[in-house]
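Below, chains carry the letters A, B, ... as their sequence lines are ordered, and counting in each starts from 1.
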There are 2 protein chains.
Amino acid sequence: MEGNATLFDVARVAGVSLATASRAINGSARTVGAELREKVLRAAQELDYSPNAAARTMKRGHADVVGMIVPDIADPYFSGIASGVMKAADEQGLMVSIASTRRQSSREAEYVAGFRRQRNRAVILAGSRTSSRAETETLKAEVDRFEAQGGRVAVVSQRKLPVDTVVVENRQGARALATDLTDLGYRDFAVLAGPRDLLSAKDRLDGFRTGLAEAGVELSREQVVNGEFSRDGGFQAMEQVLEELGGIDCVFAVNDVMALGAIAAIRSRGLDVPRHLSVAGFGDISTLRDMAPRLTTVRVDLERLGRLALEMILSSEGGAPRTRREKCQVVLGASTPGRKPVGRRSSARG
Amino acid sequence: MEGNATLFDVARVAGVSLATASRAINGSARTVGAELREKVLRAAQELDYSPNAAARTMKRGHADVVGMIVPDIADPYFSGIASGVMKAADEQGLMVSIASTRRQSSREAEYVAGFRRQRNRAVILAGSRTSSRAETETLKAEVDRFEAQGGRVAVVSQRKLPVDTVVVENRQGARALATDLTDLGYRDFAVLAGPRDLLSAKDRLDGFRTGLAEAGVELSREQVVNGEFSRDGGFQAMEQVLEELGGIDCVFAVNDVMALGAIAAIRSRGLDVPRHLSVAGFGDISTLRDMAPRLTTVRVDLERLGRLALEMILSSEGGAPRTRREKCQVVLGASTPGRKPVGRRSSARG
DNA sequence: CTGTTAGCGCGTTCAA
DNA sequence: TTGAACGCGCTAACAG
């Protein structure tokens with residue numbers, strides 16, 4: 001039996017018309033008699049009938065698929081978000097296509113175009129926005145085209161595009177972290193700041209700086225080291241700090257995998273965390289929660305971000321783009337035990 | 001501008017026929033004059049033309065999309081494989097749809113059916129096969145239907161279905177691990193064995209047992225504790241071991257996240273790894289490579305598995321299903337420093 | 001090299 | 001409640 005049974009075949013076997021078969025199977029209008037419906041369903045079963053989603057897509061103009069674009073699916077931060085999207089999508093009977101830009105944000109636009117070709121119902125962009133004006137314009141143009149076609153777009157990170165957005169409160173989280181760390185007695189920081197043009201990285205740095213300032217602590221230019229947003233980026237940035245900077249007592253890496261790299265770099269010099277240096281991250285990815293010492297970080301509910309993005313997309317009926325802000329919460333761990341035994345603690349220990 | 005420009009519009013604007021426009025744009029047969037081609041491309045650009053993939057799919061009978069089914073996309077093991085699949089797919093101009101069964105392997109069949117509706121060109125099943133005969137039969141039936149329709153299927157794990165398979169040499173890896181651990185002087189093991197019906201878990205246990213036997217070490221029934229294939233499963237299984245078993249000096253968790261849970265459980269009792277107990281895992285997921293102590297584990301090249309699966313699918317031209325075996329390599333870390341100072345080491349330290 | 005035409009499988013009119 | 005017929009956008013024959 002080559003190829004596939006078609007709805008026409010089903011109708012023939014059931015002895016009804018194409019239209020009746022269609023109605024019985026997708027149940028759009030419930031105007032099919034119980035008896036015929038039964039017949040049709042039986043025929044479909046018998047023939048291993050599988051509705052042709054492409055035909056349906058052509059007819060309706062859009063596919064029941066949502067596209068998702070991430071910088072790196074192997075990064076727990078994004079696989080966490082993807083997990084939330086997929087779970088919510090599953091509940092809605094939607095399929096999810098995922099594309100990974102491999103950290104080249106310039107590729108986002110290409111993938112949006114790809115999802116447009118597929119006539120996907122929606123696209124979720126899960127990576128940080130960048131400060132590149134040209135890149136943003138290119139992406140915006142593609143997003144506009146996607147929407148002109150009837151598709152919906154949502155972004156998880158910053159509100160830089162006029163679309164539904166789940167804003168991660170990076171500033172607020174990093175600021176709270178700075179407050180807690182200064183409360184713990186730290187005064188001499190280094191920040192492993194990620195790429196200069198990544199807004200998530202920039203916002204976390206800015207928020208951190210604000211929190212420090214409120215405690216009367218300044219961050220000099222040398223105390224901020226840029227690097228890739230990855231484990232290796234953290235490792236290298238940390239090496240630079242260790243070589244060029246003295247008198248640091250706490251390092252803030254703007255994401256958890258960078259913090260991981262930083263810790264590795266510190267240890268590779270024979271130093272210990274937190275004895276010689278304290279380290280904090282951002283994100284609270286689950287694989288790191290059992291690390292010893294427990295990494296101080298800022299918790300982001302990744303699955304929730306994904307779920308919210310999908311829900312926004314489905315509930316938006318052509319209205320103005322909405323923004324949903326998601327707060328982050330500091331988790332203090334043994335990686336930042338405090339410089340001196342000060343009493344105050346503004347967050348629970350992890 | 002509502003809706004979307006169609007190929008017909010492009011043809012009209014360019015002043016050529018539909019066929020010419022089609023040929024110029026997808027370049028199937030290169031029989032279009034340079035001048036007309038230029039005109040067509042310009043018209044397409046002007047109109048923001050986006051080829052309708054659904055129409056193409058309907059015409060050709062299959063979509064240039066490959067479906068992937070994983071037990072849990074948030075598990076680094078599977079996001080690693082997914083990363084490999086996506087990279088290879090990108091190079092081939094294919095899109096990837098991903099579905100997560102959330103560890104309910106019974107849902108695999110449903111998703112295969114879903115991908116059949118989409119007329120996806122191929123499906124990759126990335127989770128362990130199970131020992132459930134009924135489940136396997138159901139899945140096989142669905143896979144057969146998928147293939148009857150012209151789709152290709154590949155599996156990463158065990159060869160239990162008559163399809164292209166990338167076999168992970170779990171037995172060999174676990175056996176080598178047992179050899180190395182016994183060489184290190186360990187004699188009293190506990191195995192956190194995962195779910196009873198998961199073949200990956202079972203194979204790792206079997207291989208480990210074989211390796212132990214070769215060193216004259218037996219594993220009693222009580223020394224094997226089943227549990228979920230997750231961090232929490234490892235935690236709980238380890239708690240059981242700690243409560244019910246004495247005299248253990250090394251714990252083998254059949255995957256890395258279980259090992260992570262095990263270590264957490266050990267520490268929650270105020271014990272230390274490796275001072276009080278040594279721990280080994282399986283998989284070598286990247287986030288754990290910087291853990292202290294370095295987790296002894298068995299390295300699996302996750303991205304490679306994904307890439308190989310995709311390549312098999314694309315290269316298979318209806319021939320008999322092929323099998324590709326991928327070896328695993330032991331990585332010894334400080335989580336298993338050795339029971340006594342014995343000299344022999346058969347693998348490099350991580 | 002280019003144009004005309006006939007479906008691919010389905011949903012949805014409109015009639016009956 | 002059911003059926004007949006059209007068209008979604010495209011590609012692959014077949015003509016010219």
- Is the distance from OP1 or OP2 of D:dC8 to the nearest side-chain N or O of B:Thr6 less than 4.0 Å? no
- Say whether A:Ser83 and B:Arg102, considering side chains only, have a donor N or O and an acceptor N or O under 3.5 Å apart. yes
- Quick one: closest heavy-atom pair of B:Asp72 and B:Ser100, and the distance? CA-OG, 3.7 Å
- Message: Just the rounded figure in Å: distance from P of C:dG3 to CZ of B:Arg12.
- Response: 15 Å
- Which heavy-atom pair separates B:Leu199 from B:Ser128 by the least distance, and what is that distance? N-OG, 3.2 Å
- Query: Between atom CG in A:Asp64 and atom C1' in C:dC10, what is the gap in whole Å?
  - Reply: 14 Å
- Task: Measure from CZ on B:Arg117 to P on C:dG11 and round the result to the nearest Å.
- Result: 12 Å
- Message: Measure CG/B:Leu7 against C1'/C:dG3 and give the value in whole Å, please.
- Response: 13 Å
- Query: Are more than 12 heavy atoms from other residues, nucleotides or ligands located less than 6.0 Å from atom CZ of B:Arg322?
  - Reply: yes
Please write out the pairs of protein N or O atoms and N or O atoms of nucleotides 4-8 of chain C separated by less than 3.5 Å, giving the distance to one decimal.
residue : atom : partner : partner atom : Å
C:dG7   : N2   : B:Lys59 : NZ           : 3.0

- Note on the structure: Rounded to whole Å, CZ of A:Arg56 lies from C1' of D:dG9 at a distance of 18 Å
- Query: Is any side-chain nitrogen or oxygen of B:Ser22 closer than 4.0 Å to OP1 or OP2 of D:dC10?
  - Reply: no
- Just jot down the salt bridge (Lys or Arg N to Asp or Glu O under 4.0 Å) partners of A:Asp301, sequence neighbours excluded, or say none. none
- Message: With a 4.0 Å limit, can you tell me whether B:Asn26 has a side-chain N or O closer than that to the phosphate oxygens OP1/OP2 of D:dC10?
- Response: no
- Message: Expressed as a whole number of angstroms, how long is the span from A:Leu47:CG to C:dG9:C1'?
- Response: 15 Å
- By nearest-heavy-atom nucleotide on DNA chain C, the more 5' of B:Gly15 and B:Arg119 is B:Gly15
- Please give, in whole Å, the distance from D:dA13 C1' to B:Arg60 CZ? 16 Å
- Whole Å only: how far is the CZ atom of B:Phe8 from the C1' atom of C:dG3? 13 Å
- Per the side-chain contact (heavy atoms from CB on, under 4.5 Å) rule, which among B:Val163, B:Val123, B:Ile69 passes with B:Val155? B:Val163
- B:Asp9/B:Arg12 salt bridge by N-O under 4.0 Å criterion: yes
